[in-house]
Amino acid sequence: MSMCYFFSGGIAILAGIAAMFQSSWRLLYVVTSMPSLVFVLTILPFVSESPRWYLVRRRVDDAMQVLQDIAFTNGKSIPDYISLKLDDEDDIDKKIDGSSSSILDVFRSRTTRGRLVLSVLISFLCSVVYYGLSLNVVNLKINLYISVVVNSLAEMPAFLLTTMLLQHLGRKPLAIGSMLLSGVFCTSASLITGVGAMRAVRMACGVVGIFGMAATYNLLVVYTTELFPTTVRTAAMGCTLQASKMGAILAPMVVLLGEQMPFAVFGMLGIIGGLLVFCLPETMNKPLYDTMFGLEKGEGEFVIKGEITCENSKIRSIS
């Protein structure tokens, strides 16, 4: 979640660079492309493969080697008697080839199918509002570059607050609260005219709106990851990211609706997104499953335990 600070910081820096290269968008394009080259040459060679990815493909030795390298870097060591196993290895009759899992497996399971549909819709709505508010600075009639910097700086406290509250309130309440916060303030901004001092008030509502949606955007990265097992996580995340990009494509079209209408649309979408999160399960303090079988087995055990608890309560009440 801390990576999002650099995302917002990059947007603020981009505004400064764009202000210096207003005469040529081509030169701006070249300058802003340089960090990607630096990343490929200086960062990418030092990134290791995910040990979970190795594990679900039965490459246990490679997964353990990555963990040993991490331990060595931290000045520690992994005892020789420690080994790795998948969460489906206890079932001898259940043979699962982790490498064959795909998006079709997500739709075959009733548990993950609903989660995927909801995650795609929520990511799409969140993206429309987030990118729409960032682009809507043109309708605020205030200096474009200053507005972009203010919006990007407003996101940073949202990331900090989300990180601090994540382990205390859980993913679901935070996602609901942040989306509804953004929706309410965007709706309020749509009711404010952009004349005189009210223009600054409307901008303040927009800043709070992007504050809430930035918190949601950051939180969804963690939340969506925890909703799916490792074998299909990449496919599921790919769908949600694709929905997010589709929302980013739609956002400029909403901005073209005028000064007040975009805020009304963003407010409505934010509220709808917050209500949709009610349908997702909480993932805090829940296992992070490796396989579809492990997820279905684990979720089934939670249901059975819940039913047993209810039955025991009824028996005690009757007694």
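- Counting heavy atoms from C-beta outward, Val31 and Met20 have side chains that stay 4.5 Å or more apart.
- Here the side chain of Glu226 pairs no donor or acceptor atom with the backbone of Leu288 at under 3.5 angstrom.
- In terms of modelled atom types and a separation under 3.5 Å, the side chain of Ser178 and the main chain of Ala175 share a donor-acceptor contact.
- Judged by distance alone, with hydrogens and angles left aside, the side-chain atoms of Ser182 form no donor-acceptor pair with the main-chain N or O of Met179 at under 3.5 Å.
- Note on Leu133 and Val184: separate hydrophobic clusters, where clusters join Ile, Leu, Val, Met, Phe, Trp and Tyr whose side-chain heavy atoms are under 4.5 Å apart, directly or indirectly.
- Formation of a donor-acceptor pair under 3.5 Å by the Lys172 side chain with backbone atoms of Thr283 is not found in this model.
- With contacts defined as side-chain heavy-atom distances shorter than 4.5 Å, the pair Val66/Asp62 does not qualify.
- Hydrophobic clustering (side-chain heavy atoms under 4.5 Å, transitive across Ile, Leu, Val, Met, Phe, Trp, Tyr) groups Leu116 together with Leu121.
- Of the possible donor and acceptor atoms, none in the side chain of Tyr223 sits under 3.5 Å from a partner among the backbone N and O of Thr216.
- In summary, the side chains of Gln65 and Asp69 do present a donor paired with an acceptor at a separation below 3.5 Å, with no hydrogens or angles considered.
- Side-chain contact of Ser244 with Tyr217: a donor-acceptor pair under 3.5 Å is present, judged by distance alone.
- There is no path of hydrophobic side-chain contacts, each under 4.5 Å, that joins Met237 to Phe228.
- Using a 4.5 Å cut-off between side-chain heavy atoms of Ile, Leu, Val, Met, Phe, Trp and Tyr, with links allowed through other members, Ile249 and Met213 fall into the same hydrophobic cluster.
- No side-chain donor-acceptor contact under 3.5 Å links Thr240 and Ser123.
- Side chain of Thr32 to backbone of Tyr29: a donor-acceptor contact under 3.5 angstrom is found.
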